[in-house]
Structures are given as C-alpha cells and as structure tokens.
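Beneath this line is the structure, given in structure tokens, with notes to follow.
For this chain, numbers begin at 1 and follow the sequence in order. As the structure lists them, so they are numbered: ligands from 1, and atoms in each ligand from 1.
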Amino acid sequence: MSAIASNLQAVRARIAKAAADAGRSPTEVELLAVSKTWPVSCVLAAADAGQRAFGENYVHEGVDKARATFARALAWHFIGPLQSNKTRPVAEHFAWVHSLERLKVAERLSAQRPADLPPLQVCVQVNVSGEASKSGCAPDETLALCRAVADLPHLRLRGLMAIPEPADDLAAQRAPFRRLREIYETVRAGGLPLDTLSMGMSHDLEAAVAEGATIVRIGTAIFGERNHA
Ligand SMILES: *Cc1c(COP(=O)(O)O)cnc(C)c1O
C-alpha cells in the first residue's frame with residue numbers, strides 16, 4: 001500500500017473514532033484531501049485509494065490539477081483566499097468554494113458559472129478568531145451575507161467555514177468550532193437551509209467533529225509536511 005493510501009486509512013479511522021465518541025455516524029463527515037503544493041501524482045495516489053474530493057488554495061495550481069485529472073471525475077474544492085479578479089477560473093473548474101467572504105466575489109462567481117455546470121456549491125468563511133485573523137466575514141455580518149449569497153442564481157449556499165487560530169488542547173480547539181456552529185444555527189434559524197460545517201484540519205479534526213463538522217479539510221496527515229514549498 002502507498003504511504004498516501006495508508007495515511008488516508010489512518011485519517012478515516014480518526015474521523016470514525018471522533019464521530020463515534022460524539023455519538024455521530026462517520027458518514028456525516030466528509031473527508032476533503034487538501035493537495036495544495038503536492039503534484040498530480042499524489043492526487044492520483046489518493047484517488048486510487050478511493051479519495052474523491054480535493055481542496056486547493058491557489059487558483060492556477062488548482063485549475064492545473066483539475067484539468068490534469070479531468071478523466072477521473074474528482075470534485076475540486078477551492079479553499080483559499082479569492083480575489084475578485086481571479087473568480088472566472090474558479091467558477092469554471094471547481095465544484096465548491098469554501099472561502100467566500102465578500103458579496104462582490106460571490107456575484108462574480110455566480111455570473112461566471114458556466115450554464116452547463118451545476119450551481120457552484122459555496123460556504124461563507126467566518127472569522128471566529130477576532131483580531132488574530134484577517135480572513136472571513138465578521139460573525140455579526142454572516143446572516144446578511146448568507147441571505148445575499150442565497151439569492152444568487154448560479155450558487156448554492158451550503159454552509160459555513162472557519163480556520164481558527166491553532167491551539168494545543170482539545171478544549172481550546174473546540175471553543176471556536178462551537179462558536180461557528182452557533183452562528184450556523186443562527187443562520188438556519190433565519191430561514192436558510194444550511195447543511196455544511198467545513199471545519200477541522202490535521203491537528204484539530206477531533207475537536208471539529210465533536211462540534212459538528214460535516215467536512216474536514218486534511219492536508220498534512222494525508223500527504224505529509226509541506227516543507228518543499
Ligand atoms: C492547508 C489548509 C488545510 C489543511 O491543513 P493541514 O494542517 O495540512 O491539514 C485546510 N484548510 C485550509 C483552508 C488550508 O489552507
């Protein structure tokens with residue numbers, strides 16, 4: 001078995017244990033393999049081990065990999081910062097965007113989504129770390145942004161995403177994920193049918209699953225340390 005295949009197996013086991021500990025079914029948590037900085041050969045090794053969904057942070061790198069693996073019918077998720085002048089290739093090549101934080105970017109993605117593709121699945125990124133983070137919309141602006149995004153014809157609003165500041169112990173890791181889940185419940189109570197909480201990375205997936213993550217975004221634990229980039 002390749003190293004990537006055995007790492008994937010270990011990550012799936014971590015997700016299953018975290019879900020069981022939380023009284024959840026492991027099928028409620030989707031694994032997104034974050035392949036940024038890794039070559040197409042690594043994506044294909046993961047795909048051969050059954051992995052279908054891949055996350056990328058950089059537009060050109062992600063588009064290149066989506067094109068190179070087109071015949072494998074993988075699902076590409078854009079998870080990095082997105083400037084409004086780079087939306088077109090994302091609208092054309094990705095199935096999901098997790099990192100929506102401004103209405104202008106959402107409007108461009110909707111306008112540029114090709115008519116022969118299904119709607120682009122999107123999550124609004126929320127800043128749950130306050131001053132420590134510059135990414136994501138403010139918690140108290142999330143409902144208004146979600147309402148506006150939900151009205152765009154070629155996007156389908158699925159949920160919320162966050163990247164909290166790293167923390168060492170489980171309780172400190174869980175607090176910002178709980179905060180995101182509370183914002184998610186507020187948006188749902190506002191009438192928007194969200195079903196996705198994109199939260200948790202290699203070092204904190206257990207905390208995220210305990211707080212209700214439905215997608216965990218895992219790079220290092222699958223592909224190794226990104227010390228080559
Ligand atoms: C790189 C990245 C990940 C994966 O992080 P690991 O610690 O390598 O698992 C997840 N989400 C986002 C937004 C990232 O940029």
With a heavy-atom distance limit of 4.0 Å, tell me whether Asn57 approaches ligand 1 through its side chain, its backbone, both, or neither. side chain

Distance (rounded to the nearest 0.5 Å) between Ile79 CD1 and Arg217 CZ: 6.0 Å

Would Asp48 and Arg72 satisfy salt bridge (charged side-chain N to carboxylate O under 4.0 Å, His left out), going step by step from the backbone distance to the final call? CA-CA 10 Å; Asp48 286 342; Arg72 305 291 291 256; 2.6 Å; yes

Looking only at protein heavy atoms, which one is nearest to atom 11 (N) of ligand 1, and what is the separation? Arg217 NE, 2.9 Å

Cut-off 3.5 Å, side chains only: do Ser35 and Glu56 have a donor facing an acceptor? yes

Within a distance under 4.0 Å of any heavy atom of Ile218, pick out the atoms of ligand 1 and give their elements. 9 (O)

Crowded around Asp168 CG? As in, over 12 foreign heavy atoms under 6.0 Å? no

Tell me whether the rings of Trp76 and Phe94 are parallel (<30°), tilted (30 to 60°) or perpendicular (>60°). perpendicular

How close does the nearest protein non-hydrogen atom get to atom 1 (C) of ligand 1, and which residue and atom is it? Lys36 NZ, 1.4 Å

Looking at Arg108, is its backbone amide N or carbonyl O close enough to the side chain of Thr87 to form a donor-acceptor pair, meaning the two atoms are under 3.5 Å apart? no

Which of the listed options, Gly55, Gly219, Gly224, holds the heavy atom that is closest to atom 4 (C) of ligand 1? Gly219

Looking only at protein heavy atoms, which one is nearest to atom 12 (C) of ligand 1, and how far off is it? Ile79 CD1, 3.5 Å

Quick test of your reading: applying salt bridge (charged side-chain N to carboxylate O under 4.0 Å, His left out), list the pairs with at least one residue in residues 189-201, sequence neighbours left out, ordered by first then second residue. Arg158-Asp195

Enumerated ligand 1 atoms positioned under 4.0 Å from heavy atoms of Ile163: 13 (C)

List ligand 1 atoms under 4.0 Å from Thr220, heavy atoms only on the residue side. 6 (P), 7 (O), 8 (O), 9 (O)

Does an N or O from Met201, backbone or side chain, lie closer than 3.5 Å to an N or O of ligand 1? no

Salt-bridged, Lys36 to Glu61, with N to O below 4.0 Å? no

Please report which non-hydrogen protein atom sits nearest to atom 9 (O) of ligand 1, along with the residue it belongs to and the distance in Å to one decimal place. Ser202 OG, 2.5 Å

Any heavy atom of Arg226 sitting closer than 4.0 Å to ligand 1? yes

